[in-house]
Amino acid sequence: MFRRLCVIAVEDIGIGDIELVQEVTRIGTDKVFRSVLSSDADLIDDLCWKMASAVKDRSADYLICAAEKLESAAVERAALMRLPTDELMMAAADDTAPLTRRAVAALLACTDRGKKDKLRPDRVEQFLDGLPVKVLPLHDAVLSLAHAQAEPFCIMLPLIRSRWSQEGGILNVAEDELPTPEFYDGIPLYTFDFHTAAGKYAIGKFAHRNSDVRAALAKWVPQDRWTEVVCIVAFYVDAAPVARRLNWAGGSQLAETGFIADMIGAGCKPDGIGAVIDAMRRNLADLNRYRRSTVQPRSRDIEK
């Protein structure tokens, strides 16, 4: 649970509240520190309340999607892989370079080439020390996550913070209007996305049975990738929106780039992304019907 809270802090809050990311990371990665504060249940309750109330920024997730899934990033990776680690560190620290190039360089520099999903804490520390501007709460949080064998996208945060600072570092919060959720037994149906077995099953049925969505998929997506694409687009339509979002120019651009990268990675042709997301928005109520019909029998089984 604490490990998951650390992931959420990086992925969903990010530079929206760096001090909170540091707090979650400290508590989440240090069992001894937790033991002198309070019970695990009370700490989880407190952190979840703070995180739910915080300003959100998903730029770290969008950036790693771009760095891993875009064709232009693959070209950068092929070129950067020839460089020694010290030169990769310099490329990652170059705040005049495109953000995707810096992200690719950081990932190559801070992981073993054959194990791209495993961070090396010594290299993460070298990467953090080489950045033009050091933000200590962020430095400490990312280094703690590296020692805790966190997912590599945590090293996107310093790059995001660097770019945000270049653009003025203004804390401008957007109060977005959220889609009206539907509920089942007090649980928002958007909870049942591709991270849950029930959600993925419902999305798969919906993708193949809703005629409007199926028509868009048939034109732009190979049939064996329909469910994967609809899982991604459903998440962006009704699970990703947040009430209080850090609003910055680079963030908006990254959000669009990350979404495109996710859709291409799932199997959607670039020219068809707009058509598929429009079809999803038109048929969200139908998706929730499939979700409800999938969850209800499982709920009754649990009660029995």
**Request:** For a side-chain contact (heavy atoms from CB on, under 4.5 Å) with L287, tell me which candidate from I203, L189, N210 qualifies.
**Result:** I203

**Message:** Suppose we screen for side-chain contact (heavy atoms from CB on, under 4.5 Å). Which residues come up paired with K205, at least two apart in sequence or across chains?
**Reply:** Y201, R209, Y290

**Prompt:** Which atom names give the shortest non-hydrogen contact between L217 and A207, and what distance separates them?
**Reply:** CD1-O, 3.8 Å

**Asked** Is there a side-chain contact between E23 and K50 (heavy atoms, below 4.5 Å)?
**Response** yes

**Prompt:** Under the side chain to side chain donor-acceptor pair (under 3.5 Å) test, which residues partner Q22, sequence neighbours left out?
**Reply:** none

**Item:** Path from Y184 to Y190 over hydrophobic side-chain contacts below 4.5 Å
**Value:** no

**Prompt:** With S39, which residues qualify under side chain to side chain donor-acceptor pair (under 3.5 Å), at least two apart?
**Reply:** D42

Let me have the donor-acceptor pairs involving side chains of residues 228-243, under 3.5 Å, with sequence neighbours excluded, atom names and distances please.
{"from": "E228", "atom 1": "OE1", "to": "R225", "atom 2": "NE", "distance (Å)": "3.1"}
{"from": "Y236", "atom 1": "OH", "to": "D262", "atom 2": "OD2", "distance (Å)": "2.8"}
{"from": "D238", "atom 1": "OD2", "to": "R291", "atom 2": "NH1", "distance (Å)": "2.7"}

**Message:** Check for me, please, whether F33 and L47 land in the same ILVMFWY cluster - side-chain distances under 4.5 Å, paths through other members count.
**Reply:** yes

**Item:** Pairing of R292 and E182 as salt bridge, 4.0 angstrom limit
**Value:** yes

**Asked** Less than 4.0 Å between a side-chain N and a carboxylate O, is that true for R120 and D112?
**Response** yes

**Prompt:** Can you pull the side chain to side chain donor-acceptor pair (under 3.5 Å) pairs that have at least one residue in residues 249-259, sequence neighbours excluded?
**Reply:** none

**Item:** Heavy-atom pair of closest approach, residues A198 and T294
**Value:** O-CG2, 3.6 Å

**Request:** Could you check L246, L20, N247 and say which one makes a side-chain contact (heavy atoms from CB on, under 4.5 Å) with V55?
**Result:** L246

Which donor-acceptor pairs under 3.5 Å do side chains of residues 4-13 form with protein atoms, sequence neighbours excluded?
{"from": "D12", "atom 1": "OD1", "to": "R58", "atom 2": "NH1", "distance (Å)": "2.5"}

**Asked** Backbone N or O of C110 within a donor-acceptor pair of the R123 side chain at under 3.5 Å?
**Response** no

**Request:** Evaluate the side-chain proximity of H139 to L131: yes if any heavy-atom separation is below 4.5 Å, no if none is.
**Result:** no

**Fill in**
Tightest non-hydrogen contact, residues T29 and S144, listed as OG1-CB, 4.0 Å

**Prompt:** What heavy-atom pair brings L83 and E87 nearest, and what distance separates the two atoms?
**Reply:** CD2-OE1, 3.4 Å

**Item:** Atom pair CG/CZ of L254 and F259 - distance to nearest 0.5 Å
**Value:** 15.0 Å

**Request:** Would you sort out whether M81 and L88 count as a side chain to side chain contact (heavy atoms under 4.5 Å, CB included), showing the intermediate values?
**Result:** CA-CA 8 Å; M81 282 187 72; L88 286 171; over 6 Å; no

**Prompt:** How many angstroms lie between atom CD of Q126 and atom CG of L128, to the nearest 0.5 angstrom?
**Reply:** 10.5 Å

**Request:** Dump the intermediate steps for side chain to side chain contact (heavy atoms under 4.5 Å, CB included) on V104 and L80, then the final yes or no.
**Result:** CA-CA 8 Å; V104 172; L80 289 168; 3.8 Å; yes

**Asked** How many angstroms lie between OG in S162 and CG in L99, if you round to the nearest 0.5 Å?
**Response** 8.0 Å

**Prompt:** How long is the span from the CG atom in L138 to the CD1 atom in I160, to the nearest 0.5 Å?
**Reply:** 10.5 Å

**Prompt:** Within the side chain of S53, is there an N or O that forms a donor-acceptor pair under 3.5 Å with the backbone of W49?
**Reply:** yes

**Item:** Atom pair CZ/CD1 of F127 and I155 - distance to nearest 0.5 Å
**Value:** 5.5 Å

**Prompt:** What do the steps show when you test F2 against I44 for side chain to side chain contact (heavy atoms under 4.5 Å, CB included), and what is the final call?
**Reply:** CA-CA 8 Å; F2 283 109; I44 289 168; 3.7 Å; yes

**Item:** Pairing residues for R101 by the side chain to side chain donor-acceptor pair (under 3.5 Å) criterion, not counting sequence neighbours
**Value:** E76

**Request:** Could you tell me which residues satisfy salt bridge (Lys or Arg N to Asp or Glu O under 4.0 Å) with D286, sequence neighbours excluded, listed by chain and number?
**Result:** R289

**Request:** Would you kindly say whether W164 and D57 are connected by a side-chain donor-acceptor distance under 3.5 Å?
**Result:** no

**Message:** Can you give me the closest heavy-atom contact between L119 and P121, atom names plus distance?
**Reply:** O-CD, 3.5 Å

Using distance only, find each side-chain donor-acceptor pair of residues 265-282 under 3.5 Å and give its atom names and separation, not counting sequence neighbours.
{"from": "R282", "atom 1": "NE", "to": "D212", "atom 2": "OD2", "distance (Å)": "2.9"}
{"from": "R282", "atom 1": "NH2", "to": "D212", "atom 2": "OD1", "distance (Å)": "3.1"}
{"from": "R282", "atom 1": "NH2", "to": "D212", "atom 2": "OD2", "distance (Å)": "3.2"}

Return a table of donor-acceptor pairs under 3.5 angstrom between the side chains of residues 165-177 and protein atoms on other chains or two or more places apart.
{"from": "S165", "atom 1": "OG", "to": "R161", "atom 2": "O", "distance (Å)": "3.0"}
{"from": "S165", "atom 1": "OG", "to": "R161", "atom 2": "NH1", "distance (Å)": "2.1"}
{"from": "Q166", "atom 1": "OE1", "to": "R163", "atom 2": "NE", "distance (Å)": "2.9"}
{"from": "Q166", "atom 1": "NE2", "to": "D95", "atom 2": "O", "distance (Å)": "2.9"}
{"from": "E167", "atom 1": "OE1", "to": "G250", "atom 2": "N", "distance (Å)": "3.0"}
{"from": "D176", "atom 1": "OD1", "to": "R245", "atom 2": "NH2", "distance (Å)": "3.1"}
{"from": "D176", "atom 1": "OD2", "to": "R245", "atom 2": "NE", "distance (Å)": "2.7"}
{"from": "D176", "atom 1": "OD2", "to": "R245", "atom 2": "NH2", "distance (Å)": "3.3"}

**Message:** To the nearest 0.5 Å, what is the distance between CE on M1 and CG on L43?
**Reply:** 11.5 Å

**Expected output: side-chain K56 to main-chain A52 donor-acceptor under 3.5 Å** = yes

**Prompt:** Residues in side chain to side chain donor-acceptor pair (under 3.5 Å) with T96, at least two apart?
**Reply:** D94

**Message:** Could you tell me if the side chain of W248 sits less than 4.5 Å from the side chain of S59, heavy atoms only?
**Reply:** yes

**Message:** Restricting to non-hydrogen atoms, name the atom on P152 and the atom on L107 that form the minimum distance, rounded to 0.1 Å.
**Reply:** CB-CD2, 3.9 Å

**Item:** Salt-bridge criterion met for R34 and D30 (N-O under 4.0 Å)
**Value:** no

**Request:** Please check if the side chain of T196 supplies one atom and the backbone of F192 the other of a donor-acceptor pair under 3.5 Å.
**Result:** no

**Request:** Examine V21 and L37 and state if one hydrophobic cluster contains both, with Ile, Leu, Val, Met, Phe, Trp and Tyr joined whenever side-chain heavy atoms are less than 4.5 Å apart.
**Result:** yes

**Request:** State which residues pass ring-ring contact (aromatic ring centres under 6.0 Å, His included) with H208; sequence neighbours excluded, sorted by chain then number.
**Result:** W226

